[in-house]
Amino acid sequence: MATTQEFDGAKVALFLGHRLLIIRRDDRPDIVDAGLWDFPGGGREGEETPFQTVARETREEVGLVLTPACVLWQRRFAAPQGSDRWFFVARLLARMQADVVFGDEGQGWRMADVPEVLALPDVAGALQQRLALWLAGEAACDAVPAGLSV
């Protein structure tokens, strides 16, 4: 994966076992998608790679550590305005739910089944569509071949 490509941020559909961890965003007028359900992730800092961005944000938001081995799928999405965004799908063990330490952003978190997440009426941005692409077996763009680090 090229680390010099411009991108704004990264999100991860994070499975703990077979359920997804979702976060309720803060309900403030100064943030995008206020009060909606979201996946861990956020904006790029400095010269981070997409994986470094999503790993840092996941650690900050829910206290869990992602490694490249956790990543099942990744794809870059072109943004109509501004820089691109990355979307990852990753899996940790179900027992890691006990290790979640919710950070200081958002109203709370919970676990949800995939059909529930896809049916929620209040999910941020295009996260449902991106999760559905992965579920449908969509080929990942800019995927890292096996054995290479992200």
Side-chain angles (χ1 to χ4, degrees), residues 1 5-45 48-144 150:
M1 171 189 331
Q5 290 181 339
E6 287 300 313
F7 70 98
D8 283 338
K11 294 281 183 175
V12 61
L14 180 56
F15 286 90
L16 301 182
H18 297 290
R19 301 185 79 209
L20 286 164
L21 186 150
I22 57 176
I23 298 169
R24 178 69 82 173
R25 292 179 63 83
D26 283 320
D27 196 7
R28 298 187 341 232
D30 61 323
I31 63 171
V32 177
D33 296 327
L36 300 182
W37 288 107
D38 200 358
F39 292 141
R44 179 186 197 183
E45 291 184 1
E48 288 178 323
T49 66
F51 178 77
Q52 288 168 338
T53 298
V54 81
R56 175 187 48 77
E57 288 283 349
T58 300
R59 189 177 58 256
E60 290 173 1
E61 292 175 359
V62 294
L64 297 177
V65 175
L66 293 182
T67 67
C70 303
V71 175
L72 304 174
W73 189 80
Q74 61 190 24
R75 181 171 171 178
R76 181 175 44 92
F77 287 89
Q81 303 167 350
S83 297
D84 297 346
R85 296 177 188 251
W86 280 82
F87 183 75
F88 291 82
V89 177
R91 185 182 312 273
L92 295 172
L93 298 172
R95 70 174 187 238
M96 299 294 289
Q97 183 175 340
D99 297 331
V100 171
V101 177
F102 193 65
D104 60 0
E105 294 180 17
Q107 299 179 60
W109 68 279
R110 70 181 182 94
M111 300 302 298
D113 294 320
V114 171
E116 179 185 4
V117 171
L118 293 173
L120 286 169
D122 55 347
V123 175
L127 297 179
Q128 289 164 308
Q129 294 88 346
R130 292 173 183 176
L131 178 61
L133 281 175
W134 173 71
L135 289 168
E138 178 75 17
C141 296
D142 298 318
V144 174
V150 283

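No experiment lies behind these values; they were computed from the predicted model shown. Just so you know, residue 1 is the first one in the sequence shown, and it goes up from there.
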Query raised in the report: For R59, which residues count as a side-chain hydrogen bond (donor to acceptor under 3.5 Å, both in side chains) partner, sequence neighbours excluded?
Result: none
Query - Straight-line distance of D38 CG to L21 CG, nearest 0.5 Å - result: 11.0 Å
**Report entry** Partners meeting salt bridge (Lys or Arg N to Asp or Glu O under 4.0 Å) with D27 (sequence neighbours left out)
**Finding:** none
Query - For A90 against L66, the heavy-atom pair lying closest together - result: CB-CD2, 4.3 Å
Query - L120 side, atom CG; I22 side, atom CD1 - distance, nearest 0.5 Å - result: 5.5 Å
Query raised in the report: side-chain hydrogen bond (donor to acceptor under 3.5 Å, both in side chains) with T58: which residues, sequence neighbours excluded?
Result: none
Report task. Find out whether F39 and F88 are in side-chain contact, i.e. whether some heavy atom of one side chain is under 4.5 Å from a heavy atom of the other. Result -> no
Query raised in the report: If every non-hydrogen atom of D26 is compared with every non-hydrogen atom of I31, which pair is closest and at what distance?
Result: O-CD1, 3.1 Å
Report task. Grab the two heavy atoms, one from G42 and one from T53, that are nearest each other, plus how far apart they are. Result -> O-CG2, 3.6 Å
Report summary line: Nearest heavy-atom approach of A10 to P50 is CB-O, 3.8 Å
Query - Nearest non-hydrogen partners of A124 and D33, listed with the distance - result: CB-OD2, 3.5 Å
Query raised in the report: Is any side-chain heavy atom of E61 less than 4.5 Å from a side-chain heavy atom of I23?
Result: yes
Report summary line: Between P68 and F51, the two heavy atoms sitting closest are N-CZ, 3.5 Å
Query raised in the report: Side-chain contact, heavy-atom cut-off 4.5 Å: V101 with V62?
Result: no
Report task. Only pairs at least two apart or in different chains count here, so list each side-chain hydrogen bond (donor to acceptor under 3.5 Å, both in side chains) that has a residue in residues 117-129. Result -> R24-D122
Query raised in the report: How about V12 and V71: do any of their side-chain heavy atoms sit closer than 4.5 Å?
Result: no
Query - Under 3.5 Å donor-acceptor, E60 side chain and E57 backbone - result: no
Report summary line: Quick note, salt bridge (charged side-chain N to carboxylate O under 4.0 Å, His left out) partners involving residues 78-103, not counting sequence neighbours, are D8-R85, R76-D84
Between side-chain atoms of residues 103-110 and protein atoms elsewhere (two or more places apart, or another chain), which donor-acceptor pairs fall under 3.5 Å?
| residue | atom | partner | partner atom | Å |
| --- | --- | --- | --- | --- |
| Q107 | NE2 | R25 | O | 2.7 |
| R110 | NH1 | E116 | OE2 | 2.9 |
| R110 | NH2 | E116 | OE2 | 2.7 |

Report task. Answer whether the closest heavy-atom distance between the side chains of L93 and L16 falls below 4.5 Å. Result -> no
Query raised in the report: Are any non-hydrogen side-chain atoms of R130 and R75 less than 4.5 angstrom apart?
Result: no
Query raised in the report: In Å, rounded to the nearest 0.5 Å, how long is the span from CD of Q52 to CZ of R44?
Result: 9.0 Å
Requested in this report: Check step by step if ring pair (Phe, Tyr, Trp, His ring centres under 6.0 Å) holds for W134 and F15.
Outcome: CA-CA 13 Å; W134 173 71; F15 286 90; 5.6 Å; yes
